[in-house]
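Just follow the structure's listing: the first ligand is 1, and inside any ligand the first atom is 1.
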Amino acid sequence: MNEVQLEVAKAYPNDSGRGIARLDPDTLLHLKLSPGDIIEIEGAETTAAKVWRADRQDWNTDTVRIDGFTRQNADVGIGERVTIRKAEATKADRLVLAPPEEASVQFGSDAAGMVKRQILKRPVVERDIVPVMSSTNHPFMRSPGQAIPLIAVETDPDGVCLITEDTEVELREEPISGFEKTGGGITYEDIGGLGSEIQRVREMVELPMKHPQIFKKLGIDPPQGVLLHGPPGTGKTLLAKAVANETSASFFSIAGPEIISKYYGESEQQLREIFEDATEESPSIIFIDELDSIAPKREDVTGEVERRVVAQLLTMMDGLESRGQVIVIAATNRVDSVDPALRRPGRFDREIEIGVPDETGRKEILQIHTRGMPLADDVSLDTMAAETHGFVGADIESLTKEAAMKALRRYLPEIDLDEEDIPPSLIDRMIIKRADFRGALNE
Ligand code: ADP
């Protein structure tokens, strides 16, 4: 059978949530595929995607670029190999979508129609996560601008199905239980401009988690603690969450300042419990935000609590036996204020600097945060990237949200707040213009 094995790479920033796979011309030729064709992607599970041509820099690299949803659908991680073959897609008569466990979604009256328009001509396999955008264009769900992962609980017929105008799409509000895939969570496509930093974190964290035997064989200890340092809002927390999500590790989060409790012994107790839970549910990532606030240099410490918390943290880190299966990632804005005892070998002995993004990074971050937004033709992300010198990711996120709010204010006079439904024609017309970004930028 005509098939190839390729290495999985992350999707381009604009591709996320579109159900596409990028292949290079060689692979297309070999599999007799044209852009727009449907392929089967087989990892630990099998899913399908629509083929697009890869950008030139990816040619001859033996990779396929797919987003976090498709990776979850195929149950593979970045760097793992999948088998690709042309799919026999049949037209779907029916598709039933439901939110994953614990998600609560409310659908408006025309939601099924809007969802169908979004996923038209896309392939779906039963049990797939089908990301659906809820943007200002599709105000039938909460959290605008984000992809809502719905799950294909039923397709008719089975196998690789193609959504067409004739497909009957049914939406269920009742969350579906017992599905392992959640589709939620941060993936590497949600991080802009930190290519080499992501690569380093993956080597330090993913590698020992997924292949502990490599470290055993070479007689080296996998890292126990990784310290991410850099200015606030640059994506440290985002990166830690993405690694946990992409490795399917349990994620435990400790907010530095919050764990300092005034009651005697409570902070230590809380730390101990988190480490115990993390060990029990390993592989796990424990994320400690603002490490400097719980573990400042001891000479700086006046508080008794801080001193005890540092001692407890040292004990817990030294006591971690599940080498490589529980990794502590800490973040700080002030690396020099972290207790040196915590930076010794076996503790936070790896450091990665997460800096302010450059122009290319800013463009990627802009692409990520405007993904679900209906942008007017006059909006140039290149220009905006050039004009936002000094902005960190968090600044760019607020800029895009503010621009959307400005656009909304333009349409407010046309919206009757007493009416339950907003006319679909108005929703279809809503766009965010260059002037909205300009206005947001000048504030
Ligand atoms: P930090 O932990 O470094 O203080 P966060 O990861 O909490 O920063 O970032 C806050 C928010 O800013 C994120 O939720 C995200 O929306 C946005 N953001 C920050 N950095 C990036 C980035 N590199 N790419 C995309 N979004 C980013």
> Is there a heavy atom in Asp190 that sits closer than 4.0 Å to ligand 1?
Replying inline: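 Yes, Asp190 has heavy atoms under 4.0 Å from ligand 1.
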
> Would His369 count as a contact of ligand 1 if the rule is a heavy atom under 4.0 Å away?
Replying inline: yes

Polar-atom distance check: [X] versus ligand 1, any N or O pair below 3.5 Å?
{"X": "Lys236", "result": "yes"}
{"X": "Pro232", "result": "no"}
{"X": "Gly192", "result": "yes"}
{"X": "Ile365", "result": "no"}
{"X": "Gly233", "result": "yes"}

> Should Lys210 and Glu246 count as an ion pair when the cut-off is N to O under 4.0 Å?
Replying inline: no

> Is a salt bridge present between Asp190 and Arg371, judged by a nitrogen-to-oxygen distance below 4.0 Å?
Replying inline: yes

>> What protein heavy atom lies closest to atom 14 (O) of ligand 1? Include the residue and the distance to one decimal.
In response: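 Of the protein heavy atoms, Leu238 CD1, 4.0 Å lies nearest.
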
> What residue and heavy atom of the protein are closest to atom 2 (O) of ligand 1, and at what distance?
Replying inline: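 Ranked first by proximity to atom 2 (O) of ligand 1 is Thr237 OG1, 2.5 Å.
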
Hey, does the side chain of [X] reach the backbone of [Y] with a donor-acceptor pair shorter than 3.5 angstrom?
{"X": "Arg122", "Y": "Ile163", "answer": "no"}
{"X": "Arg350", "Y": "Met204", "answer": "no"}
{"X": "Asn73", "Y": "Ile129", "answer": "yes"}
{"X": "Arg22", "Y": "Arg53", "answer": "yes"}

>> I need the atoms of ligand 1 closer than 4.0 Å to a non-hydrogen atom of Ala394, numbered in the order shown.
In response: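 Atoms satisfying the 4.0 Å criterion: 12 (O), 17 (C), 18 (N), 19 (C).
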
>> With heavy-atom distances below 4.0 Å as the criterion, list the atoms of ligand 1 near Glu397.
In response: 11 (C), 12 (O), 15 (C), 16 (O), 17 (C)

>> Using the rule side-chain contact (heavy atoms from CB on, under 4.5 Å), only one of Asp289, Leu228, Asp292 pairs with Thr332; which is it?
In response: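 Passing option: Asp292.
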
>> Counting C-beta onward and ignoring hydrogens, is there a side-chain heavy-atom pair between Ile191 and Leu239 closer than 4.5 Å?
In response: yes

